[in-house]
K.L.:
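Mind having a look at this structure? Questions to follow.
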Amino acid sequence: MEEVFTAVAVGFEAVGAAAMIVGFVIAVVLGARSLVRHEGGGAAFTVLRTTLGAAILLGLEVLVAADLIRTITSKPSLEDAAILGLIVLIRTLLSMSIQIEIEGTLPWRRALTRTGGQMLGDAVARDRAAGRAASGPDAVGAAESR
């Protein structure tokens, strides 16, 4: 049974790493699209930085879940619990610092809680809206008439 949970934990780790890799690609694409729309280098950098931070947050959340699965399914020991606590503490502090950097406010001072996945989705939605606005009403009308 331990082998099954180890495989599940490895799967979670792969998903966490994939979330960061895919998020990096999305961040680069959104940043490039911002440059193509002539929004300026500062806007492109902000989009890139925010989207990449959101992807890292999402990946860290999944990696913490993998660590929890791996630890609670192994033979319990004080050393394993201490290692898990240290890993979770480091990843939590890293997540909080990234979130503060992205949003400019402390997490507990926000009216709504936002996860890394929600922030990544928001970045993609903002990019789509900006793309529609850049193409103008003529392009939207021509697309709707097809």
Side-chain angles (χ1 to χ4, degrees), residues 3-74 79-146:
E3 298 84 25
V4 172
F5 286 112
T6 300
V8 170
V10 169
F12 269 79
E13 289 170 347
V15 169
M20 288 188 230
I21 292 167
V22 169
F24 170 76
V25 171
I26 290 170
V28 169
V29 168
L30 294 180
R33 287 177 60 146
S34 181
L35 281 175
V36 168
R37 284 193 300 265
H38 304 292
E39 295 175 2
F45 175 74
T46 301
V47 167
L48 177 69
R49 186 170 174 240
T50 302
T51 308
L52 182 58
I56 292 170
L57 282 173
L58 179 61
L60 285 173
E61 290 171 2
V62 177
L63 290 174
V64 167
D67 290 334
L68 289 170
I69 290 170
R70 189 179 302 276
T71 301
I72 61 175
T73 58
S74 66
E79 183 179 343
D80 288 342
I83 291 171
L84 174 65
L86 185 60
I87 289 171
V88 169
L89 177 67
I90 290 169
R91 288 186 178 161
T92 301
L93 291 173
L94 182 58
S95 293
M96 285 178 56
S97 67
I98 291 171
Q99 197 147 12
I100 290 168
E101 191 70 27
I102 290 171
E103 295 181 357
T105 184
L106 297 171
W108 52 87
R109 297 196 69 163
R110 286 179 280 124
L112 301 172
T113 56
R114 307 294 292 163
T115 66
Q118 290 168 326
M119 291 167 44
L120 189 59
D122 290 346
V124 171
R126 280 191 304 273
D127 180 72
R128 284 186 183 156
R132 279 189 233 118
S135 63
D138 295 333
V140 173
E144 289 175 354
S145 65
R146 290 184 200 158

K.L.:
Run through Leu94, Leu93, Ile100 and flag the one making a side-chain contact (heavy atoms from CB on, under 4.5 Å) with Ser97.
P.N.:
Leu94
K.L.:
Quick check for you: to the nearest 0.5 Å, what is the distance between Leu58 atom CG and Leu63 atom CG?
P.N.:
9.5 Å
K.L.:
Starting from the C-alpha separation in whole Å, work towards a yes-or-no answer on side chain to side chain contact (heavy atoms under 4.5 Å, CB included) for Arg37 and Asp127.
P.N.:
CA-CA 10 Å; Arg37 284 193 300 265; Asp127 180 72; 3.0 Å; yes
K.L.:
Could you give the distance from CD1 (Ile98) to CG (Leu52), rounded to the nearest 0.5 Å?
P.N.:
8.5 Å
K.L.:
For the CZ atom of Phe24 and the CG atom of Leu48, what is their distance to the nearest 0.5 Å?
P.N.:
7.5 Å
K.L.:
Any side-chain heavy-atom pair from Leu60 and Val64 closer than 4.5 angstrom?
P.N.:
no
K.L.:
Got a second to check how far Leu68's CG is from Arg70's CZ, nearest 0.5 Å?
P.N.:
11.5 Å
K.L.:
Rounded at 0.5 Å granularity, tell me how far CD1 in Ile56 sits from CZ in Arg91.
P.N.:
13.0 Å
K.L.:
Determine the minimum heavy-atom distance between Leu35 and Gly40, stating which atoms define it.
P.N.:
CD2-O, 4.0 Å
K.L.:
Quick check for you: to the nearest 0.5 Å, what is the distance between Ser95 atom OG and Ile90 atom CD1?
P.N.:
12.0 Å
K.L.:
State, to 0.1 Å, how close Ala19 and Ala55 come at their nearest heavy-atom pair, and which atoms those are.
P.N.:
O-CB, 4.0 Å
K.L.:
Check Glu39 against Ser34 and note the closest heavy-atom contact, atom names and distance.
P.N.:
OE1-OG, 2.7 Å
K.L.:
Grab the two heavy atoms, one from Thr51 and one from Ala123, that are nearest each other, plus how far apart they are.
P.N.:
OG1-CB, 3.4 Å
K.L.:
Taking all heavy atoms of Glu13 and all of Ala66, pick out the closest pair and write down the distance.
P.N.:
CG-CB, 3.6 Å
